[in-house]
Protein chains: 2
Amino acid sequence: MGTTQLEQVPEPKYWHLKTVLTDALDSEFSVGEILPNERELAARFGVARATLRQALEQLELEGRLQRRRGVGTTVAPPRVGVDVGPEPHRWPGLPGEAWQTDGVEPAAPPAPVARLLATTPGTPVHAVRRTRISHGQPVATELLYLPAASLPGAPDLTHGDADAAHTLLRLLHANALEGQDRAVELGSARAEDARQLDRLPGAPVLVVTTRYFSAGRTAAVAVATYRADTCRLTFAETGPLPLAG
Amino acid sequence: MGTTQLEQVPEPKYWHLKTVLTDALDSEFSVGEILPNERELAARFGVARATLRQALEQLELEGRLQRRRGVGTTVAPPRVGVDVGPEPHRWPGLPGEAWQTDGVEPAAPPAPVARLLATTPGTPVHAVRRTRISHGQPVATELLYLPAASLPGAPDLTHGDADAAHTLLRLLHANALEGQDRAVELGSARAEDARQLDRLPGAPVLVVTTRYFSAGRTAAVAVATYRADTCRLTFAETGPLPLAG
DNA sequence: TAGTGGTCTAGACCACGCC
DNA sequence: GCGTGGTCTAGACCACTAT
């Protein structure tokens, strides 16, 4: 960074910082190690704390760092691969799943989900909340929206625990599942999801939307929210494969 | 926002701002419309420009806004769905694909890719660059890493145009494809990808890594970089499906 | 040249985890 | 209480686009 460099097109300081820190992480630090605090690092690199933070934010986004208020910044372990299908077509909530059922509540689906379910926007439906645990840490939360049309004979909308949710899921399983469908996009964690994932609101998440088809219509929609900093979503092979990796 | 509210747990200003802006976007603005500039908006809400920008950043991350230097901030159209499989297993570069082949260059695969390919880290291999266009806009760039072991009789490493790349791909197609594999994770655009995607370096992207298996090993690895702000990755149904949505 | 978003500074105070 | 990261301010200047 001396005076010998002309920097015809000066790259932003935070970008350069990121490069330097990435190299340092690769060579001088090991997983779990605590970095110097932000004020110290900023002083060491001769930049304002805000600039240093801009670099740290990107590194956290890339899963290289983990920052916790009141604690410090640590070197993150490599992202864990989380399998998200395509599984053999199965209803959610069947035994042998990676998901844990937490309960059920009435919830008005977000507009795009209401459109998929062909319900009137703003009208609450049964929403089963589930959590996915991997390596002892929650990696995803999910809201499974179940319109009344898919639950013949179901009780009125109400809050309930895991048992109540299982009762609803059994009604869902009575339908014939004809197929399913997935989409992945980037989002930011809503307050409740953030709390369950041990992150701050607005943290980047991968949103996986699954549609379940039955009787020629969308019988259920699941919106799962995965921690983007720690998760790599894997779509495993369907056919016979050699598993070379 | 008057004095009547106690705010026991005051939520951050930028978070509240984001909510207000989201509602305004839903009700008062239409796609493509230009918002007031940042200084104007900050003044209108009585916050510093940095705080306003924190809210705008999140909205851009969620695909609600589009910001361009020298131009302004506009309301973004809904994300486009981009199909990323699972397709019937096919080598990349066959006719009928959504990808356009740009050329080939020697490139040292990143460490994780080198591990998958079982090549020695730091050693360059053939890297075919491809671009995916959707609705007239580039939505993804890809580097397809081809180790020499998968290209019997290939010429030495060299830069080349689309024709040279096609020649290499034909050699690849001579192998028997046994299966493939995908993973999705969050990343930030490297300088070159950012340029091709018309974004700034560091912009959030969805990184799709595809492994191609042949003869019991990983014959090729593709690292595709999708614009996270404008893309929703869809994993279409493999089996027969009613297509109700 | 004027106006936009992008970068950067040097502070201040707050919320949280730990001792 | 102390140290950490998180939020916020009020400026300044730069890079880019359109006119």
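Within every chain, numbering begins at 1; the chains are lettered A, B, ... in the order of the sequence lines, protein sequences first and strands thereafter.
By the neighbour-count criterion of 12 heavy atoms within 6.0 Å, atom CD of B:E40 is densely surrounded, having more than that number from other residues, nucleotides or ligands. Counting non-hydrogen atoms of other residues, nucleotides and ligands closer than 6.0 Å to CD1 of A:I133 gives a total above 12. The environment of CG in A:D198 is sparse: at most 12 heavy-atom neighbours from other residues, nucleotides or ligands sit within 6.0 Å. The number of heavy atoms from other shown groups lying within 6.0 Å of CZ (A:R68) does not exceed 12. Within 6.0 Å of atom CD in B:Q137, 12 or fewer heavy atoms from other residues, nucleotides or ligands are found, so the atom counts as exposed in its surroundings.
Under 4.0 Å is where a charged nitrogen must lie from a carboxylate oxygen, and between B:D193 and B:R129 at least one such pair does. Taking a cutoff of 4.0 Å between a charged side-chain nitrogen and a carboxylate oxygen, A:R53 and A:E38 qualify as a salt bridge.
Within the structure, every side-chain polar atom (N or O) of B:N37 is placed at least 4.0 Å from both OP1 and OP2 of C:dG3. Proximity of A:R53 to the phosphate of D:dG5: no side-chain N or O atom is located under 4.0 Å from OP1 or OP2.
Note: CD (A:E40) to P (D:dG5) measures 11 Å, nearest angstrom. Atom pair A:Y14:OH and D:dC14:P shows a separation of 18 Å (rounding to whole Å applied). Across the protein-nucleic acid pair, A:L52 atom CG and C:dT7 atom P stand 16 Å apart, rounded to whole Å. For A:F45 and C:dC8, the CZ to P distance is 14 Å, given to the nearest whole Å. Taking atom CZ of residue A:R67 and atom P of nucleotide C:dA15, one finds them 19 Å apart after rounding to whole Å. In this structure, A:L35 atom CG and D:dG5 atom P are separated by 9 Å, rounded to whole Å. Following rounding to the nearest Å, B:I34 (CD1) and D:dT17 (C1') show an atom-to-atom distance of 12 Å. Rounded to whole Å, atom P of C:dC8 lies 10 Å from atom CD of A:E11.
A donor-acceptor pair is defined here as one N or O able to donate and one able to accept, closer than 3.5 Å; such a pair exists between the side chain of B:R182 and the backbone of B:V84. Side chain of B:T234 to backbone of B:V82: a donor-acceptor contact under 3.5 angstrom is found. In terms of modelled atom types and a separation under 3.5 Å, the side chain of B:E28 and the main chain of B:A24 share no donor-acceptor contact. A donor-acceptor distance shorter than 3.5 angstrom exists from the side chain of A:R227 to the backbone of A:L197, with no hydrogens or angles considered.
A side-chain contact (heavy atoms from CB on, under 4.5 Å) with A:R211 is found for one member of A:D181, A:L117, A:V113 and no other, namely A:D181.
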May I have the step-by-step check of salt bridge (charged side-chain N to carboxylate O under 4.0 Å, His left out) for A:E11 and A:K18, ending in yes or no? CA-CA 11 Å; A:E11 64 182 356; A:K18 201 186 109 175; over 6 Å; no
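Considering only heavy atoms from C-beta on, A:E62 comes within 4.5 Å of A:Q58 through its side chain. A:L186 is listed as a side-chain neighbour of B:R79, based on a closest heavy-atom distance under 4.5 Å.
Note on the helix from C:dT1-D:dA18 to C:dC18-D:dG1: terminal axis deviation equals 20°, with five pairs used at each end and the result rounded to 10°.
Residues of residues 70-80 of chain B that place a heavy atom closer than 4.0 Å to DNA chain C, in numerical order, are B:G70, B:V71, B:G72, B:T73. Near DNA chain C, meaning a heavy atom under 4.0 Å away, there are no residues from residues 191-200 of chain A. Listed by residue number, the members of residues 54-61 of chain A with any heavy atom below 4.0 angstrom from DNA chain C are A:Q54.
Scored by the side-chain hydrogen bond (donor to acceptor under 3.5 Å, both in side chains) test, A:R64 finds A:D26 as partners (sequence neighbours excluded).
Each of A:E38 and B:K13 lies near DNA chain D, and the nucleotide nearest A:E38 is the one positioned closer to the 5' end.
In this structure, A:L116 CG and A:T210 OG1 are separated by 11.0 Å, a value rounded to the nearest 0.5 Å.
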Tabulate atom names and distances for all N/O pairs under 3.5 angstrom spanning the protein and nucleotides 10-14 of chain C.
none

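At a threshold of 4.0 angstrom between heavy atoms, the contacts of A:R68 are confined to the sugar-phosphate backbone, with no base atom among them.
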